Every structure is written in structure tokens, then in C-alpha cells.
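Below is one structure; the comments refer to it alone.
First the proteins, then the strands, lettered A, B, ... as listed; each starts at 1. These numbers come from a predicted model, not from an experiment.
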Protein chains: 2
Amino acid sequence: MSPQDAAAETALTGRGEQTRRLILETALRLFKERGYDETTMRLIAETAGVSLGNAYYYFRSKEHLIQAYYARSNEEHVAALETALGRERTLAGRLRVFIRTKIDTSEAYHRFAGQLFRTAADPESPLNPFSDASSAVREAAIGVLARVVDGSDAKVPADLRAELPRLLWMWEMGVILYWIHDRSEGRARTRKLADRTAELVAKLVAIASNPLMRPLRKMALELIEDVR
Amino acid sequence: MSPQDAAAETALTGRGEQTRRLILETALRLFKERGYDETTMRLIAETAGVSLGNAYYYFRSKEHLIQAYYARSNEEHVAALETALGRERTLAGRLRVFIRTKIDTSEAYHRFAGQLFRTAADPESPLNPFSDASSAVREAAIGVLARVVDGSDAKVPADLRAELPRLLWMWEMGVILYWIHDRSEGRARTRKLADRTAELVAKLVAIASNPLMRPLRKMALELIEDVR
DNA sequence: GTCTATAACCGGATAGAC
DNA sequence: GTCTATCCGGTTATAGAC
């Protein structure tokens with residue numbers, strides 16, 4: 001069993017676990033401070049006080065250090081979301097809170113995320129959000145959206161309700177894509193996009209839930225299922 | 001004036017133009033045959049029979065060789081589209097032809113496109129389809145879509161008509177994103193997605209063109225304008 | 001001023017000794 | 001489990017040839 005696999009398990013006590021944590025925390029700090037490209041593996045090793053080879057012993061590649069970022073970013077988002085959601089019950093309101101907290105908790109990593117995205121976009125990369133390797137993180141994020149929908153007072157037909165979290169996840173990915181490219185002060189443009197698409201999406205859900213829209217809705221949902 | 005700039009101009013006759021072409025054709029061939037990562041700058045230079053330094057004299061970086069791919073891919077698509085469009089007049093039909101020819105003409109570059117996408121996803125990269133540097137290629141592609149719409153018999157209100165080509169370009173990007181990740185035989189899944197979203201998009205355009213949808217349409221169009 | 005070649009540098013990744 | 005020595009490929013510096 002490689003240390004990479006072992007890390008996925010319990011052990012905070014393991015022999016090398018100390019070293020592993022040290023390397024990981026050092027890397028995340030440097031990524032945040034200096035960005036991805038500027039943080040070389042040599043620098044991470046040096047700063048952590050271990051050898052280059054040793055860093056590679058614990059992390060198969062530089063990319064593997066990023067998995068930790070995903071997980072951490074998700075945790076921070078969920079925590080912020082729980083408190084911010086309060087007793088908001090409209091779908092539009094809940095979606096707005098969801099996407100705003102996502103933007104807020106990601107802000108510190110904006111620069112890093114841009115460079116990261118380059119790697120994540122590679123279809124061969126396990127970091128790519130559509131990959132099998134990312135399915136755990138992806139399904140977790142979709143699960144969060146399912147709770148956002150289920151906690152709302154929106155009346156959504158069962159067929160749409162089943163697919164809606166996945167569709168909303170794609171909306172989230174779209175907003176993130178925009179955010180990554182957003183150079184505006186305080187990410188103002190992304191915030192505008194986020195708020196207004198949250199409203200728009202809620203309206204579309206309402207329209208799509210109308211019985212008159214059933215044929216079109218069926219067509220779209222079948223397509224999604226087929227193509228997934 | 002650097003040779004990179006000069007190349008953008010007329011000269012097929014210039015003294016180094018021969019060398020430039022040779023390097024470019026060699027690179028495109030190798031990219032297609034072996035993929036992007038496997039085609040090293042050293043290999044390109046060697047295969048073309050020039051020195052490594054010489055290759056860098058003509059192309060500032062490996063990425064710059066890709067600009068040529070964009071242009072070529074577009075040319076091939078437009079050519080195929082013109083003949084395939086025939087006298088198709090329905091919007092759904094024209095969109096289907098558009099997207100099918102795109103998939104067909106891109107197929108030879110599938111592997112290459114995946115690796116390319118990694119670089120293109122970087123917000124800092126001039127290759128990124130949303131960047132200023134790509135605006136010429138992007139606007140050309142949007143122009144093609146405007147012709148696809150204008151040649152159809154669909155009745156589209158002026159406000160939507162103005163934005164539609166840009167929206168369709170985003171649809172195209174989405175399909176390409178899916179295509180890049182598509183490992184299915186003969187890219188069957190992308191073809192299904194393409195055909196069926198073409199139909200769906202045409203239906204959505206019809207619905208959005210309905211006077212009853214005017215408020216929602218306005219809302220969406222204003223959002224797009226604000227956020228562009 | 002136009003072009004070509006050689007020798008480096010730098011950072012991700014690996015091999016293998018201890 | 002940790003290290004040192006190396007490889008490999010993108011990129012740059014630079015010396016000069018035509």
C-alpha cells in the first residue's frame with residue numbers, strides 16, 4: 001500500500017503522517033501566497049525542510065497536491081453555507097446564498113484556481129471535474145445542491161427534481177469558469193452574474209415545472225440521461 | 001519587425017518564409033500524428049531539419065504553433081459547412097449541419113485538442129478562447145453562426161437575434177468541451193448530444209421568441225449584455 | 001539585417017543508494 | 001522513509017554565419 005493510498009484512510013498517527021501533513025500544509029500555504037506556477041516542488045520541499053525526492057514519495061505529482069485543495073475548498077464552502085442559509089426558503093434565495101458563499105470562500109484561491117484550471121481542464125488529468133477520479137468530490141457537491149433544492153419551498157415535478165442538482169452543478173461550474181476569468185474589482189462582475197443567474201435559474205425551474213412545458217422538459221431530461 | 005509579425009503579413013516569398021512554413025507544417029503533422037505532449041520542440045526541429053534555436057526564432061513558443069491550428073480548423077469547418085448546408089432552411093436543420101461538420105472536421109485533431117485544451121483553459125494564455133488575443137478567431141466563429149441563423153426561416157425578434165450568434169457560440173463551446181472528454185466509439189455520444197441539443201436549442205429559440213416570454217427574454221438578454 | 005547553431009537554465013519527475 | 005544524482009523537455013542566451 002502506497003503512502004498516497006494510506007493517506008486516504010484514518011491515520012493521523014502513522015509514522016510518516018507528520019511529514020506528509022507538513023508537506024501538504026506547506027504546499028497549500030505557498031500556493032495561496034505565490035500561486036501555482038511560482039510554487040515549485042523544489043521550493044515546497046525546501047520550505048518544508050525535506051528533500052525533493054521525499055516530497056515525491058508522499059505526493060506522486062504536483063497535481064496530487066491539488067486534490068487536497070478541492071477537499072478543503074468544499075469543506076469551507078459547506079460550513080459557510082450552513083450558517084448563511086438561515087431560514088431562507090425560496091429557491092432563488094437559496095441559490096443566491098449558495099453561489100455567493102461559493103464565491104466568497106474561493107476568493108483567497110482565485111489566482112491559484114486560474115492556474116489550477118489549466119491542469120484540471122486536461123481530459124487525461126484526474127483533477128478534471130468530469131473524471132472518475134473526481135467523482136467523489138463531484139457527487140459531494142451535487143449532494144449539497146440537492147439539499148439546497150430540497151430545503152426550498154419550490155414545487156418541482158419528480159422527473160426534474162431528480163436531475164436538478166446535477167444541472168445546478170453545471171450552472172455552478174459555469175459561474176466558476178466565469179469567475180476564473182474575472183479580473184474586475186472585488187469580483188463584481190461574477191457577483192452580478194451569480195445573483196442574476198440564480199434568479200434566472202429559479203424562474204426557469206418554475207417555468208419548466210409548468211404542466212404545459214412537460215413535453216419539452218421530457219425531451220431535455222431524456223437527453224441529459226442519454227448523454228451522461 | 002520580428003518574423004512572427006512579418007508572418008501575419010503577405011510574404012510567401014520572403015527568404016525565411018520557406019523555413020517558417022516547413023516548421024509549421026512539420027509541427028501540425030506531428031501534432032496530429034503523435035499528440036501535443038509527445039511532439040517535443042526538439043523533435044519538430046529535428047524532423048524539419050532545422051536547429052532547435054531556429055524553431056524558436058520563428059515561433060516564440062510551442063503555444064504559438066497552435067494559433068495556426070485554430071485558423072486551419074476554422075477554415076476546414078467553414079469549407080465543409082458551405083457545401084453541407086445546401087438548401088436547408090430550418091434553424092434546427094442548419095444548426096445540426098453546423099455542429100456535425102464541426103465534429104467531423106475536428107476528428108483528426110481529437111487527441112491533440114485534448115492536450116491543447118489544457119493550455120487553452122489557462123486564463124493567462126492567449127490561446128484561451130475568451131481572451132483578447134483570440135477575439136479575431138472568436139468573432140469569426142460567431143460570424144459564421146450569424147450566417148447560419150440569418151439563412152434560416154426562423155422568426156426571431158430583433159433583441160434576441162442580436163445576441164443569438166454569441167449564445168450559439170457558447171453552445172458550440174459546450175459541445176466541444178463534451179467532445180474533448182468523449183471516449184466513445186466514433187464519438188457517438190457527442191454526435192447524439194450535438195443532434196439533440198441542436199433540436200433543443202431551436203425549440204428554445206422558438207419558445208423564447210414567443211411574445212409571452214418577452215419579460216424573461218429581456219431579463220436574460222440584459223444579463224448577458226451586462227456581464228459580457 | 002536575416003538566419004542558424006550550440007550550450008546552457010529551469011522545473012517536473014524518476015532511480016537507486018542508504 | 002529519506003536523500004542525492006539525473007533525466008527530460010520547454011525555453012533562453014549568445015555567438016556568429018550569410
Exercise for review: When you get a sec, tell me which of C/dG12, D/dT11, D/dG9 is the closest nucleotide to the side chain of A/Met41?
Suggested key: C/dG12

Study note, to complete from the structure: note: B/Leu52, atom CG; C/dT4, atom P; distance rounded to Å ~ 14 Å

**Study point:** Distance, rounded to the nearest Å, where A/Leu65 contributes CG and C/dG12 contributes P
**Key:** 11 Å

Review point. Does D/dT2 have OP1 or OP2 sitting under 4.0 Å from an N or O in the side chain of A/Tyr57?
Key: no

Check your understanding: Within less than 4.0 Å of OP1 or OP2 of D/dT2, is there a side-chain N or O belonging to A/Thr19?
Key -> yes

Check your understanding: Quick check: are there more than 12 heavy atoms from other residues, nucleotides or ligands sitting under 6.0 Å from CD of B/Glu82?
Key -> yes

Exercise for review: Would you kindly give the CD-to-C1' distance between A/Glu46 and C/dC10, to the nearest whole Å?
Suggested key: 14 Å

Point to revise | Interatomic distance where OH belongs to B/Tyr56 and C1' belongs to C/dA7 [whole Å] | key: 15 Å

Practice item. Provide, to the nearest angstrom, the distance between the CD atom belonging to A/Gln18 and the C1' atom belonging to D/dT2. Key: 16 Å

Check your understanding: Just by distance, do the side chain of A/Arg138 and the backbone of A/Trp169 share a donor-acceptor pair under 3.5 Å?
Key -> no

Revision key, fill the gap. Here the distance between atom C1' of C/dG11 and atom CD1 of A/Ile44, to the nearest Å, is 12 Å

**Study point:** A/His181-B/Asn128 side chain donor-acceptor pair, cut-off 3.5 Å
**Key:** yes

Check your understanding: According to a strict under-4.0 Å criterion, is A/Ser51 in side-chain N/O contact with OP1 or OP2 of D/dC3?
Key -> yes

Check your understanding: Taking only N and O in the side chain of A/Asn54, is any of them less than 4.0 Å away from OP1 or OP2 of D/dG1?
Key -> no

Review point. Short question: side chain of B/Arg111, backbone of B/Arg34 - any donor-acceptor pair under 3.5 Å?
Key: yes

Point to revise | Length of the CG-C1' vector between B/Leu43 and D/dG10, whole Å | key: 14 Å

Point to revise | Nearest-nucleotide pick for B/Val50, side chain only, options being D/dC3, C/dG12, C/dA5 | key: C/dA5

Exercise for review: Mind calculating the distance between CG (A/Asp37) and C1' (C/dG11) to the nearest angstrom?
Suggested key: 11 Å

Exercise for review: Report yes or no: do A/Ser106 and A/Trp179 form a side-chain donor-acceptor pair below 3.5 Å?
Suggested key: no

Review point. Phosphate oxygens OP1/OP2 of D/dT2: is one of them under 4.0 Å from a side-chain N or O of A/Tyr58?
Key: yes

